[in-house]
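Here's the structure, in C-alpha coordinates; my notes come after.
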Number of protein chains: 2
Amino acid sequence: MDTLVKPEPTVPMACRSCRVRHGGMCEVLGPVELARLAACSRRTRHGSGEALAVESDAVHGYANVTRGTVKLSRVLRDGRQQLVGLQFAPDLMGRLFSSESPLSAEAATEVELCRIPRDVLEGLVADSEGLKQRLLEQALQDLDEAREWMVTLGRKSAVERVASVLLLIATRMGGRDAHGNITLDLPIGRADMADFLGLTIETVSRQMSRLRREGVISVQGHRCVVIHDIEALGARSG
Amino acid sequence: MDTLVKPEPTVPMACRSCRVRHGGMCEVLGPVELARLAACSRRTRHGSGEALAVESDAVHGYANVTRGTVKLSRVLRDGRQQLVGLQFAPDLMGRLFSSESPLSAEAATEVELCRIPRDVLEGLVADSEGLKQRLLEQALQDLDEAREWMVTLGRKSAVERVASVLLLIATRMGGRDAHGNITLDLPIGRADMADFLGLTIETVSRQMSRLRREGVISVQGHRCVVIHDIEALGARSG
DNA sequence: CGCAGGTTTGAATGTCGTCAAACCAAGTGG
DNA sequence: CCACTTGGTTTGACGACATTCAAACCTGCG
(Lines give C-alpha, C1' and ligand atoms only; values in the text may rest on other atoms or scores of the structure.)
Protein backbone atom coordinates (compact mmCIF):
# COMPACT_ATOMS: atom_id res chain seq x y z
CA MET A 1 0.00 0.00 0.00
CA ASP A 2 1.77 3.10 1.24
CA THR A 3 5.39 3.42 0.38
CA LEU A 4 7.16 4.54 3.52
CA VAL A 5 10.06 6.87 3.05
CA LYS A 6 12.52 7.67 5.76
CA PRO A 7 11.81 10.89 7.69
CA GLU A 8 13.73 14.01 6.81
CA PRO A 9 16.74 14.50 9.06
CA THR A 10 16.03 18.20 9.69
CA VAL A 11 12.72 20.06 9.91
CA PRO A 12 9.94 17.70 8.87
CA MET A 13 7.72 18.64 5.97
CA ALA A 14 4.76 18.64 8.32
CA CYS A 15 5.82 22.09 9.30
CA ARG A 16 6.16 23.37 5.79
CA SER A 17 2.71 24.88 5.84
CA CYS A 18 3.61 26.85 8.94
CA ARG A 19 6.66 28.25 7.30
CA VAL A 20 4.89 29.00 4.08
CA ARG A 21 1.88 30.65 5.62
CA HIS A 22 3.41 32.54 8.48
CA GLY A 23 6.53 33.48 6.60
CA GLY A 24 10.07 32.62 7.52
CA MET A 25 10.31 30.69 10.74
CA CYS A 26 7.99 28.14 12.20
CA GLU A 27 6.04 30.06 14.82
CA VAL A 28 3.59 27.33 15.60
CA LEU A 29 5.66 24.56 17.08
CA GLY A 30 8.44 24.67 19.62
CA PRO A 31 11.57 22.51 19.36
CA VAL A 32 10.06 19.78 21.51
CA GLU A 33 6.98 19.43 19.34
CA LEU A 34 9.09 19.56 16.22
CA ALA A 35 11.21 16.71 17.50
CA ARG A 36 8.14 14.62 18.27
CA LEU A 37 6.73 15.32 14.85
CA ALA A 38 9.99 14.53 13.13
CA ALA A 39 10.18 11.24 14.96
CA CYS A 40 6.67 10.13 14.05
CA SER A 41 5.88 11.63 10.67
CA ARG A 42 6.44 9.57 7.55
CA ARG A 43 6.62 10.80 4.01
CA THR A 44 4.67 8.71 1.56
CA ARG A 45 4.24 8.84 -2.19
CA HIS A 46 1.11 7.89 -4.09
CA GLY A 47 0.27 7.39 -7.75
CA SER A 48 -2.56 9.18 -9.50
CA GLY A 49 -5.88 7.53 -8.70
CA GLU A 50 -4.73 5.89 -5.51
CA ALA A 51 -7.22 5.96 -2.63
CA LEU A 52 -5.89 7.76 0.45
CA ALA A 53 -8.96 7.44 2.65
CA VAL A 54 -12.40 5.94 2.22
CA GLU A 55 -15.71 7.33 3.42
CA SER A 56 -16.77 5.93 6.80
CA ASP A 57 -13.51 4.06 7.25
CA ALA A 58 -11.54 4.56 10.41
CA VAL A 59 -9.28 7.59 10.34
CA HIS A 60 -5.67 6.46 10.57
CA GLY A 61 -3.93 9.76 10.58
CA TYR A 62 -3.53 13.30 9.52
CA ALA A 63 -1.47 14.46 6.59
CA ASN A 64 0.17 17.42 5.00
CA VAL A 65 0.09 17.52 1.21
CA THR A 66 3.62 18.38 0.21
CA ARG A 67 3.32 17.78 -3.53
CA GLY A 68 0.48 17.15 -5.93
CA THR A 69 -3.29 17.48 -5.63
CA VAL A 70 -5.83 15.46 -3.66
CA LYS A 71 -9.56 15.12 -4.43
CA LEU A 72 -12.08 14.96 -1.57
CA SER A 73 -15.41 13.41 -2.44
CA ARG A 74 -18.71 12.04 -1.20
CA VAL A 75 -21.00 9.61 -2.94
CA LEU A 76 -24.73 9.01 -2.71
CA ARG A 77 -26.03 5.47 -2.23
CA ASP A 78 -26.92 5.19 -5.91
CA GLY A 79 -23.39 6.14 -6.96
CA ARG A 80 -23.76 9.80 -7.82
CA GLN A 81 -20.54 11.51 -6.81
CA GLN A 82 -19.65 15.01 -5.75
CA LEU A 83 -16.17 16.37 -5.19
CA VAL A 84 -16.33 18.58 -2.11
CA GLY A 85 -12.82 19.95 -2.22
CA LEU A 86 -9.39 19.94 -3.80
CA GLN A 87 -6.31 20.01 -1.59
CA PHE A 88 -3.16 21.45 -3.06
CA ALA A 89 0.26 21.57 -1.44
CA PRO A 90 0.84 22.71 1.25
CA ASP A 91 -2.65 22.10 2.66
CA LEU A 92 -3.31 20.15 5.81
CA MET A 93 -5.68 17.26 5.38
CA GLY A 94 -7.60 15.15 7.80
CA ARG A 95 -10.23 15.21 10.44
CA LEU A 96 -9.80 15.42 14.16
CA PHE A 97 -12.27 14.26 16.80
CA SER A 98 -14.28 11.84 14.72
CA SER A 99 -13.29 8.26 14.42
CA GLU A 100 -14.54 7.76 10.89
CA SER A 101 -13.80 9.80 7.84
CA PRO A 102 -16.80 11.70 6.47
CA LEU A 103 -15.18 11.74 3.02
CA SER A 104 -13.09 9.81 0.57
CA ALA A 105 -9.72 11.15 -0.48
CA GLU A 106 -7.97 10.17 -3.69
CA ALA A 107 -4.74 11.27 -5.30
CA ALA A 108 -5.60 13.34 -8.39
CA THR A 109 -1.99 13.52 -9.53
CA GLU A 110 1.19 12.01 -8.18
CA VAL A 111 1.04 13.00 -4.54
CA GLU A 112 3.52 13.26 -1.72
CA LEU A 113 2.21 13.32 1.82
CA CYS A 114 3.72 13.85 5.20
CA ARG A 115 1.64 11.57 7.37
CA ILE A 116 1.18 11.77 11.12
CA PRO A 117 -0.54 8.96 13.00
CA ARG A 118 -3.81 9.93 14.59
CA ASP A 119 -2.84 9.35 18.21
CA VAL A 120 0.43 11.23 17.87
CA LEU A 121 -1.24 14.27 16.41
CA GLU A 122 -4.02 14.25 18.97
CA GLY A 123 -1.43 14.05 21.72
CA LEU A 124 0.47 16.94 20.22
CA VAL A 125 -2.70 18.96 19.84
CA ALA A 126 -3.61 18.40 23.47
CA ASP A 127 -0.23 19.81 24.52
CA SER A 128 0.44 22.46 21.93
CA GLU A 129 -1.58 25.63 21.96
CA GLY A 130 -0.02 26.76 18.69
CA LEU A 131 -0.85 23.63 16.77
CA LYS A 132 -4.48 23.71 17.82
CA GLN A 133 -4.58 27.30 16.65
CA ARG A 134 -3.17 26.31 13.30
CA LEU A 135 -5.72 23.53 12.89
CA LEU A 136 -8.57 25.85 13.81
CA GLU A 137 -7.43 28.33 11.19
CA GLN A 138 -7.23 25.62 8.54
CA ALA A 139 -10.72 24.38 9.45
CA LEU A 140 -12.14 27.89 9.22
CA GLN A 141 -10.49 28.45 5.87
CA ASP A 142 -11.81 25.15 4.54
CA LEU A 143 -15.24 26.14 5.79
CA ASP A 144 -15.10 29.44 3.93
CA GLU A 145 -14.03 27.69 0.77
CA ALA A 146 -16.78 25.10 1.07
CA ARG A 147 -19.41 27.81 1.49
CA GLU A 148 -17.98 29.77 -1.40
CA TRP A 149 -18.34 26.68 -3.54
CA MET A 150 -21.93 26.20 -2.40
CA VAL A 151 -22.73 29.45 -4.20
CA THR A 152 -21.13 28.06 -7.33
CA LEU A 153 -23.12 24.83 -7.12
CA GLY A 154 -26.41 26.43 -6.16
CA ARG A 155 -26.56 29.55 -8.26
CA LYS A 156 -24.15 29.58 -11.18
CA SER A 157 -24.72 28.54 -14.79
CA ALA A 158 -22.60 25.93 -16.54
CA VAL A 159 -20.14 28.42 -18.11
CA GLU A 160 -19.79 30.26 -14.84
CA ARG A 161 -18.99 27.04 -13.04
CA VAL A 162 -16.31 26.04 -15.52
CA ALA A 163 -14.80 29.54 -15.38
CA SER A 164 -14.87 29.30 -11.58
CA VAL A 165 -12.97 26.03 -11.42
CA LEU A 166 -10.34 27.33 -13.84
CA LEU A 167 -9.88 30.40 -11.66
CA LEU A 168 -9.64 28.26 -8.55
CA ILE A 169 -6.94 26.08 -10.06
CA ALA A 170 -5.16 29.12 -11.47
CA THR A 171 -4.91 30.74 -8.04
CA ARG A 172 -3.44 27.60 -6.54
CA MET A 173 -1.29 26.25 -9.35
CA GLY A 174 -1.03 28.84 -12.12
CA GLY A 175 2.28 30.13 -13.43
CA ARG A 176 2.63 33.25 -15.59
CA ASP A 177 4.58 33.02 -18.85
CA ALA A 178 6.48 35.76 -20.70
CA HIS A 179 3.35 37.37 -22.23
CA GLY A 180 1.57 37.53 -18.87
CA ASN A 181 -0.63 34.61 -19.83
CA ILE A 182 -1.38 32.10 -17.10
CA THR A 183 -0.61 28.49 -17.90
CA LEU A 184 -2.26 25.60 -16.09
CA ASP A 185 -1.63 21.91 -16.02
CA LEU A 186 -5.02 20.66 -14.92
CA PRO A 187 -4.67 18.18 -12.05
CA ILE A 188 -8.06 16.67 -12.91
CA GLY A 189 -9.73 15.46 -16.09
CA ARG A 190 -13.17 16.37 -17.42
CA ALA A 191 -14.90 13.69 -15.36
CA ASP A 192 -13.57 15.09 -12.09
CA MET A 193 -14.32 18.63 -13.17
CA ALA A 194 -17.88 17.52 -13.80
CA ASP A 195 -18.10 15.91 -10.36
CA PHE A 196 -16.70 19.03 -8.75
CA LEU A 197 -19.06 21.34 -10.63
CA GLY A 198 -22.23 19.27 -10.38
CA LEU A 199 -22.41 18.91 -14.17
CA THR A 200 -21.84 16.16 -16.74
CA ILE A 201 -18.65 15.53 -18.66
CA GLU A 202 -20.30 16.62 -21.88
CA THR A 203 -21.48 19.93 -20.47
CA VAL A 204 -18.03 20.69 -19.06
CA SER A 205 -16.50 19.95 -22.43
CA ARG A 206 -19.01 22.17 -24.24
CA GLN A 207 -18.36 25.10 -21.93
CA MET A 208 -14.60 24.68 -22.28
CA SER A 209 -15.06 24.83 -26.05
CA ARG A 210 -17.21 27.91 -25.63
CA LEU A 211 -14.57 29.74 -23.57
CA ARG A 212 -12.05 28.71 -26.20
CA ARG A 213 -14.21 30.09 -29.05
CA GLU A 214 -14.62 33.32 -27.10
CA GLY A 215 -10.83 33.65 -26.90
CA VAL A 216 -10.70 33.68 -23.09
CA ILE A 217 -8.63 30.51 -22.93
CA SER A 218 -6.88 28.10 -25.22
CA VAL A 219 -6.31 24.41 -24.72
CA GLN A 220 -3.37 22.21 -25.64
CA GLY A 221 -3.82 18.48 -25.42
CA HIS A 222 -6.82 18.33 -23.05
CA ARG A 223 -4.88 18.88 -19.84
CA CYS A 224 -3.06 22.12 -20.51
CA VAL A 225 -5.00 25.40 -20.40
CA VAL A 226 -3.70 28.89 -21.15
CA ILE A 227 -5.71 31.76 -19.73
CA HIS A 228 -5.32 34.74 -22.05
CA ASP A 229 -7.64 37.13 -20.30
CA ILE A 230 -7.97 36.56 -16.59
CA GLU A 231 -10.28 39.58 -16.26
CA ALA A 232 -12.67 38.15 -18.82
CA LEU A 233 -12.54 34.78 -17.10
CA GLY A 234 -13.38 36.46 -13.80
CA ALA A 235 -16.31 38.24 -15.41
CA ARG A 236 -17.46 34.94 -16.91
CA SER A 237 -17.30 33.25 -13.50
CA GLY A 238 -20.28 35.15 -12.03
CA MET B 1 -30.32 48.41 16.64
CA ASP B 2 -29.61 45.64 19.08
CA THR B 3 -31.71 45.50 22.19
CA LEU B 4 -29.33 44.87 25.04
CA VAL B 5 -30.65 42.73 27.85
CA LYS B 6 -28.93 42.43 31.18
CA PRO B 7 -26.63 39.45 31.56
CA GLU B 8 -27.90 36.40 33.42
CA PRO B 9 -26.87 36.40 37.07
CA THR B 10 -25.71 32.78 37.03
CA VAL B 11 -24.18 30.71 34.24
CA PRO B 12 -24.29 32.73 31.05
CA MET B 13 -26.13 31.32 28.06
CA ALA B 14 -22.87 31.33 26.14
CA CYS B 15 -22.12 28.08 27.84
CA ARG B 16 -25.41 26.46 27.05
CA SER B 17 -23.96 24.73 24.04
CA CYS B 18 -21.28 23.17 26.19
CA ARG B 19 -23.82 21.78 28.56
CA VAL B 20 -26.11 20.60 25.85
CA ARG B 21 -23.44 18.89 23.82
CA HIS B 22 -21.26 17.40 26.49
CA GLY B 23 -24.10 16.57 28.82
CA GLY B 24 -24.52 17.77 32.36
CA MET B 25 -21.76 20.07 33.51
CA CYS B 26 -19.74 22.57 31.58
CA GLU B 27 -16.47 20.78 30.93
CA VAL B 28 -15.03 23.41 28.69
CA LEU B 29 -14.68 26.49 30.82
CA GLY B 30 -13.36 26.90 34.33
CA PRO B 31 -14.94 29.25 36.87
CA VAL B 32 -12.61 32.10 35.95
CA GLU B 33 -13.49 31.95 32.27
CA LEU B 34 -17.16 31.62 33.11
CA ALA B 35 -16.99 34.75 35.21
CA ARG B 36 -15.30 36.68 32.41
CA LEU B 37 -17.90 35.50 29.95
CA ALA B 38 -20.75 36.35 32.28
CA ALA B 39 -19.37 39.83 32.75
CA CYS B 40 -19.02 40.54 29.03
CA SER B 41 -21.76 38.64 27.27
CA ARG B 42 -25.01 40.35 26.44
CA ARG B 43 -28.26 38.76 25.46
CA THR B 44 -29.97 40.40 22.54
CA ARG B 45 -33.30 39.81 20.84
CA HIS B 46 -33.99 40.28 17.14
CA GLY B 47 -37.10 40.30 15.02
CA SER B 48 -37.56 38.11 11.97
CA GLY B 49 -35.72 39.54 8.98
CA GLU B 50 -33.31 41.63 11.01
CA ALA B 51 -29.73 41.71 9.72
CA LEU B 52 -27.23 40.36 12.27
CA ALA B 53 -24.09 40.69 10.17
CA VAL B 54 -23.34 41.87 6.65
CA GLU B 55 -20.91 40.35 4.17
CA SER B 56 -17.49 42.06 4.21
CA ASP B 57 -18.42 44.22 7.18
CA ALA B 58 -16.16 44.26 10.21
CA VAL B 59 -16.82 41.43 12.64
CA HIS B 60 -18.03 42.84 15.94
CA GLY B 61 -18.37 39.70 17.92
CA TYR B 62 -19.22 36.11 18.31
CA ALA B 63 -22.62 34.80 19.32
CA ASN B 64 -24.45 31.81 20.59
CA VAL B 65 -27.94 31.27 19.19
CA THR B 66 -30.10 30.59 22.22
CA ARG B 67 -33.51 30.74 20.53
CA GLY B 68 -34.76 30.84 16.96
CA THR B 69 -33.06 30.26 13.63
CA VAL B 70 -30.46 32.30 11.75
CA LYS B 71 -29.84 32.24 7.98
CA LEU B 72 -26.28 32.53 6.66
CA SER B 73 -26.00 33.71 3.08
CA ARG B 74 -23.75 34.93 0.32
CA VAL B 75 -24.73 36.97 -2.71
CA LEU B 76 -23.20 37.29 -6.15
CA ARG B 77 -22.57 40.74 -7.59
CA ASP B 78 -25.68 40.52 -9.76
CA GLY B 79 -27.88 39.74 -6.77
CA ARG B 80 -28.23 35.97 -6.99
CA GLN B 81 -28.33 34.66 -3.44
CA GLN B 82 -27.38 31.38 -1.83
CA LEU B 83 -28.05 30.38 1.75
CA VAL B 84 -24.96 28.54 2.95
CA GLY B 85 -26.24 27.45 6.31
CA LEU B 86 -28.94 27.55 8.93
CA GLN B 87 -28.02 27.98 12.57
CA PHE B 88 -30.42 26.64 15.14
CA ALA B 89 -30.16 26.99 18.89
CA PRO B 90 -27.77 26.20 20.51
CA ASP B 91 -25.25 26.69 17.71
CA LEU B 92 -22.24 28.92 17.98
CA MET B 93 -21.99 31.56 15.31
CA GLY B 94 -19.18 33.75 14.14
CA ARG B 95 -15.77 33.78 12.70
CA LEU B 96 -12.42 34.02 14.42
CA PHE B 97 -9.19 35.28 12.91
CA SER B 98 -10.61 37.30 10.07
CA SER B 99 -11.52 40.90 10.47
CA GLU B 100 -14.37 40.88 8.00
CA SER B 101 -17.33 38.56 7.82
CA PRO B 102 -17.35 36.30 4.76
CA LEU B 103 -21.14 35.99 5.04
CA SER B 104 -24.33 37.79 5.88
CA ALA B 105 -26.42 36.61 8.79
CA GLU B 106 -30.10 37.35 9.14
CA ALA B 107 -32.70 36.33 11.69
CA ALA B 108 -35.08 33.86 10.04
CA THR B 109 -37.44 33.85 12.98
CA GLU B 110 -37.49 35.74 16.25
CA VAL B 111 -33.97 35.17 17.51
CA GLU B 112 -32.24 35.43 20.84
CA LEU B 113 -28.47 35.66 20.89
CA CYS B 114 -25.85 35.64 23.54
CA ARG B 115 -23.26 38.00 22.14
CA ILE B 116 -19.60 38.17 23.10
CA PRO B 117 -17.44 41.07 21.87
CA ARG B 118 -14.71 40.03 19.50
CA ASP B 119 -11.76 41.09 21.63
CA VAL B 120 -13.12 39.43 24.75
CA LEU B 121 -13.60 36.12 23.02
CA GLU B 122 -10.20 36.25 21.37
CA GLY B 123 -8.65 36.95 24.74
CA LEU B 124 -10.50 34.05 26.27
CA VAL B 125 -9.50 31.78 23.43
CA ALA B 126 -5.87 32.69 23.82
CA ASP B 127 -6.04 31.66 27.48
CA SER B 128 -8.46 28.78 27.45
CA GLU B 129 -7.44 25.51 25.89
CA GLY B 130 -10.94 24.12 26.35
CA LEU B 131 -12.68 26.94 24.58
CA LYS B 132 -10.38 26.69 21.59
CA GLN B 133 -11.16 22.99 21.48
CA ARG B 134 -14.87 23.71 21.52
CA LEU B 135 -14.53 26.21 18.66
CA LEU B 136 -12.47 23.79 16.62
CA GLU B 137 -15.13 21.13 17.02
CA GLN B 138 -17.86 23.53 15.96
CA ALA B 139 -15.83 24.58 12.92
CA LEU B 140 -15.26 20.95 11.92
CA GLN B 141 -18.92 20.15 12.32
CA ASP B 142 -19.95 23.17 10.25
CA LEU B 143 -17.45 22.05 7.63
CA ASP B 144 -18.96 18.57 7.47
CA GLU B 145 -22.42 20.03 7.14
CA ALA B 146 -21.32 22.40 4.41
CA ARG B 147 -19.77 19.56 2.42
CA GLU B 148 -22.82 17.40 2.95
CA TRP B 149 -24.91 20.19 1.50
CA MET B 150 -22.57 20.51 -1.48
CA VAL B 151 -23.69 17.03 -2.48
CA THR B 152 -27.30 18.17 -2.28
CA LEU B 153 -26.63 21.23 -4.42
CA GLY B 154 -24.42 19.49 -6.94
CA ARG B 155 -26.07 16.15 -7.46
CA LYS B 156 -29.66 15.97 -6.27
CA SER B 157 -32.89 16.55 -8.20
CA ALA B 158 -35.48 19.10 -7.12
CA VAL B 159 -37.64 16.63 -5.13
CA GLU B 160 -34.59 15.22 -3.43
CA ARG B 161 -33.46 18.69 -2.42
CA VAL B 162 -36.82 19.60 -0.93
CA ALA B 163 -36.97 16.29 0.92
CA SER B 164 -33.42 16.96 2.19
CA VAL B 165 -34.23 20.36 3.62
CA LEU B 166 -37.34 19.00 5.35
CA LEU B 167 -35.24 16.26 6.92
CA LEU B 168 -32.60 18.76 7.99
CA ILE B 169 -35.16 20.95 9.70
CA ALA B 170 -36.88 17.91 11.21
CA THR B 171 -33.67 16.72 12.85
CA ARG B 172 -33.06 20.13 14.39
CA MET B 173 -36.56 21.31 15.22
CA GLY B 174 -39.03 18.47 14.78
CA GLY B 175 -41.35 17.30 17.52
CA ARG B 176 -43.25 14.00 17.43
CA ASP B 177 -47.00 14.04 18.04
CA ALA B 178 -49.22 11.29 19.49
CA HIS B 179 -49.36 9.25 16.24
CA GLY B 180 -45.58 9.30 15.83
CA ASN B 181 -45.86 11.90 13.09
CA ILE B 182 -43.24 14.64 13.06
CA THR B 183 -44.54 18.18 13.07
CA LEU B 184 -42.47 21.11 11.84
CA ASP B 185 -42.93 24.83 12.04
CA LEU B 186 -40.77 25.92 9.13
CA PRO B 187 -38.43 28.73 10.17
CA ILE B 188 -38.13 29.87 6.54
CA GLY B 189 -40.55 30.58 3.71
CA ARG B 190 -40.46 29.23 0.17
CA ALA B 191 -38.14 31.97 -1.02
CA ASP B 192 -35.48 31.07 1.53
CA MET B 193 -35.92 27.37 0.88
CA ALA B 194 -35.30 28.12 -2.79
CA ASP B 195 -32.16 30.10 -1.95
CA PHE B 196 -30.93 27.30 0.29
CA LEU B 197 -31.64 24.61 -2.30
CA GLY B 198 -30.41 26.42 -5.39
CA LEU B 199 -33.89 26.34 -6.96
CA THR B 200 -36.69 28.82 -7.68
CA ILE B 201 -39.68 29.48 -5.45
CA GLU B 202 -41.98 27.86 -8.00
CA THR B 203 -39.98 24.66 -8.20
CA VAL B 204 -39.88 24.35 -4.41
CA SER B 205 -43.62 24.81 -4.28
CA ARG B 206 -44.22 22.20 -6.98
CA GLN B 207 -42.09 19.63 -5.20
CA MET B 208 -43.82 20.31 -1.89
CA SER B 209 -47.14 19.69 -3.63
CA ARG B 210 -45.73 16.53 -5.10
CA LEU B 211 -44.61 15.16 -1.72
CA ARG B 212 -48.05 16.10 -0.42
CA ARG B 213 -49.82 14.23 -3.26
CA GLU B 214 -47.61 11.21 -2.59
CA GLY B 215 -48.77 11.22 1.04
CA VAL B 216 -45.30 11.62 2.49
CA ILE B 217 -46.13 14.96 4.11
CA SER B 218 -49.07 17.22 4.63
CA VAL B 219 -49.08 20.98 4.90
CA GLN B 220 -51.18 23.29 7.04
CA GLY B 221 -51.11 26.97 6.25
CA HIS B 222 -47.81 27.11 4.29
CA ARG B 223 -45.53 27.12 7.32
CA CYS B 224 -46.57 23.98 9.15
CA VAL B 225 -45.51 20.60 7.77
CA VAL B 226 -46.41 17.17 9.10
CA ILE B 227 -44.13 14.32 8.08
CA HIS B 228 -46.20 11.13 7.97
CA ASP B 229 -43.55 8.77 6.71
CA ILE B 230 -40.01 9.75 7.65
CA GLU B 231 -38.65 6.60 5.96
CA ALA B 232 -40.25 7.53 2.67
CA LEU B 233 -38.97 11.08 3.03
CA GLY B 234 -35.48 9.71 3.59
CA ALA B 235 -35.78 7.54 0.50
CA ARG B 236 -37.00 10.56 -1.46
CA SER B 237 -34.02 12.63 -0.30
CA GLY B 238 -31.43 10.68 -2.32
C1' DC C 1 -64.76 42.43 4.20
C1' DG C 2 -60.87 43.40 1.55
C1' DC C 3 -56.18 44.10 1.01
C1' DA C 4 -51.17 42.57 0.76
C1' DG C 5 -47.69 39.12 0.66
C1' DG C 6 -46.60 34.99 0.01
C1' DT C 7 -47.83 30.67 -2.35
C1' DT C 8 -49.67 27.61 -5.86
C1' DT C 9 -50.62 26.31 -10.53
C1' DG C 10 -50.30 26.48 -15.64
C1' DA C 11 -48.11 27.03 -20.25
C1' DA C 12 -44.07 28.09 -22.79
C1' DT C 13 -39.11 28.44 -22.97
C1' DG C 14 -34.36 27.19 -22.21
C1' DT C 15 -30.60 24.89 -20.16
C1' DC C 16 -28.53 20.96 -19.15
C1' DG C 17 -28.58 15.76 -19.34
C1' DT C 18 -28.76 11.51 -22.17
C1' DC C 19 -27.47 8.70 -25.84
C1' DA C 20 -24.61 7.88 -29.63
C1' DA C 21 -21.04 8.63 -32.74
C1' DA C 22 -16.72 10.77 -34.11
C1' DC C 23 -12.46 12.35 -32.59
C1' DC C 24 -7.85 12.87 -30.47
C1' DA C 25 -3.64 11.72 -27.81
C1' DA C 26 -0.70 8.56 -25.96
C1' DG C 27 1.07 4.15 -25.80
C1' DT C 28 2.01 -0.75 -27.96
C1' DG C 29 3.63 -3.85 -31.07
C1' DG C 30 4.55 -5.18 -35.80
C1' DC D 1 7.75 4.46 -38.78
C1' DC D 2 3.19 3.39 -38.92
C1' DA D 3 -1.05 0.65 -38.01
C1' DC D 4 -3.78 -0.41 -34.07
C1' DT D 5 -5.71 -0.01 -29.53
C1' DT D 6 -7.40 2.34 -25.56
C1' DG D 7 -9.16 5.86 -22.65
C1' DG D 8 -10.55 10.19 -22.44
C1' DT D 9 -12.66 14.08 -24.93
C1' DT D 10 -15.53 16.49 -28.25
C1' DT D 11 -19.65 17.20 -30.92
C1' DG D 12 -24.46 16.47 -32.40
C1' DA D 13 -29.46 15.33 -31.96
C1' DC D 14 -32.94 14.72 -28.86
C1' DG D 15 -35.46 14.70 -24.49
C1' DA D 16 -36.21 15.81 -19.60
C1' DC D 17 -36.34 18.78 -16.04
C1' DA D 18 -36.12 23.22 -14.01
C1' DT D 19 -36.94 28.20 -15.03
C1' DT D 20 -39.65 31.99 -16.63
C1' DC D 21 -43.68 34.57 -17.09
C1' DA D 22 -48.33 35.06 -15.92
C1' DA D 23 -52.46 34.40 -13.52
C1' DA D 24 -55.14 32.55 -9.76
C1' DC D 25 -55.08 31.35 -5.15
C1' DC D 26 -54.73 31.16 -0.14
C1' DT D 27 -53.89 33.10 4.68
C1' DG D 28 -53.23 36.40 7.94
C1' DC D 29 -54.38 40.89 9.27
C1' DG D 30 -56.19 45.54 9.46
Side-chain angles (χ1 to χ4, degrees), chain A residues 47-49 71 76 78-82 106 108-109 152-166 184-214 217-225 236 238, chain B residues 47-49 71 76 78-82 108-110 152-166 184-214 217-225 236 238:
Chain A
S48 164
K71 303 178 298 191
L76 260 20
D78 62 7
R80 280 174 287 177
Q81 183 171 196
Q82 174 70 41
E106 186 181 310
T109 61
T152 300
L153 293 175
R155 287 299 180 210
K156 292 188 186 175
S157 70
V159 220
E160 290 173 330
R161 294 187 201 200
V162 171
S164 298
V165 81
L166 292 177
L184 304 181
D185 229 333
L186 297 180
I188 53 176
R190 302 289 183 270
D192 286 330
M193 288 178 70
D195 281 342
F196 195 32
L197 295 169
L199 299 171
T200 59
I201 298 175
E202 294 93 327
T203 301
V204 171
S205 177
R206 274 184 253 272
Q207 304 310 327
M208 291 281 286
S209 300
R210 182 168 168 182
L211 290 173
R212 190 157 38 79
R213 274 196 306 276
E214 292 174 353
I217 63 172
S218 61
V219 179
Q220 291 157 2
H222 296 160
R223 280 295 180 114
C224 180
V225 173
R236 227 70 189 71
Chain B
S48 165
K71 303 178 299 191
L76 258 21
D78 62 6
R80 281 174 287 177
Q81 184 170 194
Q82 175 69 43
T109 62
E110 287 256 307
T152 300
L153 293 175
R155 286 300 178 209
K156 292 187 186 175
S157 69
V159 219
E160 290 172 331
R161 295 187 201 200
V162 172
S164 298
V165 81
L166 292 178
L184 304 181
D185 229 333
L186 298 180
I188 53 177
R190 301 292 182 272
D192 285 329
M193 290 178 70
D195 281 342
F196 196 30
L197 296 169
L199 298 171
T200 59
I201 297 175
E202 294 93 326
T203 301
V204 171
S205 177
R206 274 184 253 272
Q207 305 310 328
M208 291 282 286
S209 301
R210 183 169 168 182
L211 291 173
R212 191 155 39 79
R213 273 196 307 274
E214 291 173 354
I217 62 171
S218 61
V219 179
Q220 289 156 4
H222 296 162
R223 281 296 180 113
C224 180
V225 173
R236 230 64 191 72

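So you know, we letter chains A, B, ... as the sequences are listed, proteins then strands, and number each from 1.
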inquiry  = In whole Å, I'd like the distance from the CD atom of A/Gln220 to the C1' atom of C/dA26.
reply    = 16 Å
key: For B/Arg190, side-chain contact (heavy atoms from CB on, under 4.5 Å) partners two or more places apart   = B/Leu186, B/Met193, B/Ile201, B/Val204, B/Met208, B/Val219, B/His222
task = Could you list the residues that satisfy side-chain contact (heavy atoms from CB on, under 4.5 Å) with A/Ser218, not counting sequence neighbours?
result = A/Val226, A/His228
task = Please name all residues satisfying side-chain contact (heavy atoms from CB on, under 4.5 Å) with A/Gln81, sequence neighbours left out, ordered by chain then number.
result = A/Ser73, A/Val75, A/Leu83, A/Asp195
inquiry  = List the residues meeting side-chain hydrogen bond (donor to acceptor under 3.5 Å, both in side chains) with A/Glu214, not counting sequence neighbours, and say none if there are none.
reply    = A/Arg236
task = Using the test side-chain contact (heavy atoms from CB on, under 4.5 Å), find all partners of A/Gln207 that sit at least two apart in sequence or belong to another chain.
result = A/Ala158, A/Val159, A/Val162, A/Thr203, A/Arg210
inquiry  = Output the rounded distance in Å from CZ (B/Arg155) to C1' (C/dC16).
reply    = 12 Å
task = Classify every nucleotide of nucleotides 6-18 of chain D by which part a protein heavy atom approaches to under 4.0 Å, writing B for the base, S for the sugar-phosphate alone and - for neither, in 5'-to-3' order.
result = ---SBBBB----S
